[in-house]
Amino acid sequence: MFLRFLTRVAGVSTLVVGLLTGVVVGTASACQCLPGGEPQRYARATHVFAGSVISKVYESPSNLRYTFKVGDVYKGDVPDVVVVGTYGETSACGLVYLQVGDEYLMFTTLRGDSLRTGTCDGNRPASLGPPVTEPTAVAASAGVAPCDAAVA
């Protein structure tokens, strides 16, 4: 009977620990984005430009720096070569999937004296064209767009 009690208590403890782990890990490791589509992301950004990645350097496990050769500038004053920082982990909304040599449309924010970005900021391949700065009739009627965190 005592063994049956221990088995039941152990089973409940395992269930509780499992549920708590799911809650803590599930909420702590998820990247959550503000609602809105590209016009809202453009409005939130301080600098928007198209550029080719010329280097990708992990300065630490939590900090990644991209260097871009800048092409078209759509918003802000961006030099010909610029460094953009991001978190080094996707769980912290870090933009870790950009590839050296590829060209992207970058939505960045000036923080202190450096530009920062993340997966929620709207970065995408530059081949898809210039940034959308005004909502279209179709997009406006569709409501709030989800955050697309990955670039194909």
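Positions are given from 1 along the sequence. It should be emphasised that the depicted structure is a prediction, and the values quoted were computed from it without experimental measurement.
By the criterion of side-chain heavy atoms lying less than 4.5 angstrom apart, applied directly or through intervening Ile, Leu, Val, Met, Phe, Trp or Tyr residues, Val100 is not grouped with Leu105; the two fall into different hydrophobic clusters. Hydrophobic clustering (side-chain heavy atoms under 4.5 Å, transitive across Ile, Leu, Val, Met, Phe, Trp, Tyr) groups Leu115 together with Phe68. By the criterion of side-chain heavy atoms lying less than 4.5 angstrom apart, applied directly or through intervening Ile, Leu, Val, Met, Phe, Trp or Tyr residues, Val48 is not grouped with Leu128; the two fall into different hydrophobic clusters. Under the 4.5 Å side-chain heavy-atom criterion for ILVMFWY residues, no single connected hydrophobic cluster contains both Val73 and Phe107.
Residues that satisfy the side chain to side chain donor-acceptor pair (under 3.5 Å) test with Glu59, not counting sequence neighbours, are Asn63, Arg65.
Separation of the Tyr104 and Tyr66 ring centroids does not fall under the 6.0 Å cut-off.
The two residues Arg44 and Pro35 make their nearest non-hydrogen contact at NH1-O, 3.5 Å. In plain terms, the two heavy atoms of Thr133 and Pro39 that are nearest each other are O-CB, 3.7 Å. A pairwise comparison of heavy atoms in Leu110 and Asp113 identifies CD1-C, 4.0 Å as the closest pair. Between Leu64 and Lys56, the shortest heavy-atom distance links the atoms CD1-CG, 3.7 Å.
Considering only heavy atoms from C-beta on, Val70 stays 4.5 Å or farther from Asp80 through its side chain. In this structure the side chain of Met106 never reaches within 4.5 angstrom of the side chain of Arg124, judged on heavy atoms.
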Return all side-chain donor-acceptor pairs below 3.5 angstrom for residues 81-88, not counting sequence neighbours, or 'none' if the list is empty.
from  : atom 1 : to     : atom 2 : distance (Å)
Thr86 : OG1    : Leu95  : N      : 2.9
Thr86 : OG1    : Thr117 : O      : 2.8

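Cys pair Cys31 and Cys93 passes the test of SG atoms under 2.5 Å apart.
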Show your working on side-chain contact (heavy atoms from CB on, under 4.5 Å) between Thr109 and Thr46 and close with a plain yes or no.
-> CA-CA 5 Å; Thr109 303; Thr46 59; 4.2 Å; yes

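Here the side chain of Asn123 pairs a donor or acceptor atom with the backbone of Gly118 at under 3.5 angstrom.
Salt-bridge check for Glu103 with Lys69: failed, with every basic side-chain N at 4.0 Å or more from each acidic carboxylate O.
Annotation: cation-pi pair Lys75/Tyr42 present, NZ/CZ under 6.0 Å from the ring centroid and within 45° of its normal.
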